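Since the structure comes first, as structure tokens, the remarks are kept for the end.
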Amino acid sequence: MPTFKFEALDTTGEEVKDQIDALNEEEAQQKIKQMGYFVTKLVQLGEKGAKGKAKAKKKTRKRGKTFTLGKVSGKKLCTFTRQFSTLQDAGLPVLRSLRILENQMRPGVLKNALIDVVDDVESGSTLSEALAKHPKCFDRLYVNMVKAGEAGGALEVILQRLADFKEKSQSLKRKIIGAMVYPAVVILVAVAILTFIMVYIIPKFKKIFDEFGMKLPDMTQMLIDTSMWFADYWWVLPLFPLGFWLFIKLICLSRAGRYAVDWVKLHIPIIGKILEKTVVARTMRTLGTLVSSGVPILEALSITKETANNAVFEACYTRVYESIREGETIAEPMRESRLVDDMVTNMIEVGEETGDLDTMLYKIADFYDEEVDTLVKSLISLLEPIMIVVLGGIIGFIVIALFLPLIKLLEGLSK
């Protein structure tokens, strides 16, 4: 019977090193778990033949990888985390759970990463070490939470929290994207209709006016000139948004430029409020999840800063980090930044005083999720009448400009 050398943590967190006999790695994992230990490293003490067999198996598995580009989608990672959490909660060994998920997964970035993760864990690496080698799939937050779960012997609980966090984040993202679909479709259809009118309809009217040799009103002449320019130089129009986007990207290359752009974003009416509350909801939920999972507060703040995706908030969390390192509180530097409402700082202050910081952070995140939802709905309600007025004004201008010469023509014929 093969012998396995293992390193584990007992219920008090002390490291244990020992050996155990088992038919396979899964059985060894189960036996060690029954002894009340949490496995951090497991290696089979085998012969050279066994090692050669393992290498051959590894090569075969590597051939199962496919060529991919980019990162894993949030939806796929969210589904994987929930399934992994369920398998761990059912008591399956980590390695077996990973193999099950890898086998049922379609080819892609995540499957390729899981093939490597399974090989690394099989070779004796911890799960967090294996995941850390694939930053395109598993970010620092993910890796550190898994690491905290391994150290505390509660990986299944940590994975449940991680799955909940990912699902909440995806839900907020879906709400925002879903709410913006309607105005985006309306604007695209309106642009298509106006393009058709400018390129095909107005030139026909111009031909009629030229045949009669009429002197056109200023409004009509301006519309026809615009139509002619549009027909000849339509390709210039997409360059404006592209040029603006490139200009913003160039500004963001410098730290000061990125800070300025993010500051302007936060001060755009309504949209700025949505961005601000979205960042607060995301960062508070991230920090709460990390704190409740046992990640050290300084490491948690460092990770939270990275998830902000806004230079203004990153500067705020840097000040919070420095404050905590000097033995101060989280609430005070956040209050001084004036980026968040008093409710947020007061709840954080209460959480710090009562030792229930993670619960307060979750409550803040839930409240701001609802606020974002309400603001997005308000924005859509505001956009609808604005779009109707703007489109109505453009169509009205076109109709009046085209019919003014026709009215003059009819008046001339009636005399």
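If you're wondering where the values come from, they're calculated on a predicted model, not measured in any experiment.
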Compute whether any side-chain donor of one residue and acceptor of the other, for [X] and [Y], lie under 3.5 angstrom apart.
X      : Y      : answer
Thr283 : Tyr317 : yes
Asp341 : Tyr368 : yes
Ser254 : Tyr259 : no
Ser123 : Asp120 : no
Asn310 : Glu314 : no
Thr81  : Tyr142 : yes
Ser97  : Gln88  : yes

Would you call [X] and [Y] a side-chain contact if the rule is heavy atoms closer than 4.5 Å?
X      : Y      : answer
Gln83  : Gln104 : yes
Asp119 : Glu122 : yes
Glu299 : Asn144 : yes

Under 3.5 Å: donor-acceptor pair, side chain of [X], backbone of [Y]:
X      : Y      : value
Thr278 : Ile274 : yes
Glu352 : Ile330 : yes
Arg319 : Met334 : no
Arg282 : Thr307 : yes
Ser171 : Glu167 : no
Ser125 : Val121 : no
Ser128 : Val143 : no

If every non-hydrogen atom of [X] is compared with every non-hydrogen atom of [Y], which pair is closest and at what distance?
X      : Y      : answer
Phe165 : Arg285 : CD1-CG, 3.5 Å
Leu223 : Ala401 : CD2-CB, 3.6 Å
Val118 : Arg99  : CG1-CG, 4.0 Å
Gly288 : Asp358 : O-CB, 3.6 Å
Cys316 : Leu339 : CB-CD1, 3.7 Å
Met347 : Lys363 : CE-CB, 3.7 Å

* Phe80-Phe84 aromatic ring centre distance below 6.0 Å -> yes

* To do: Report, as yes or no, whether the 6.0 Å neighbourhood of atom OH on Tyr200 holds more than 12 heavy atoms from other residues, nucleotides or ligands.
  => no

* **Asp21 vs Lys31, salt bridge (charged side-chain N to carboxylate O under 4.0 Å, His left out): CA-CA, chis, key distance, verdict** => CA-CA 9 Å; Asp21 294 331; Lys31 283 186 175 181; over 6 Å; no

* Please identify each residue that fulfils side chain to side chain donor-acceptor pair (under 3.5 Å) with Asp18, with sequence neighbours left out. => none

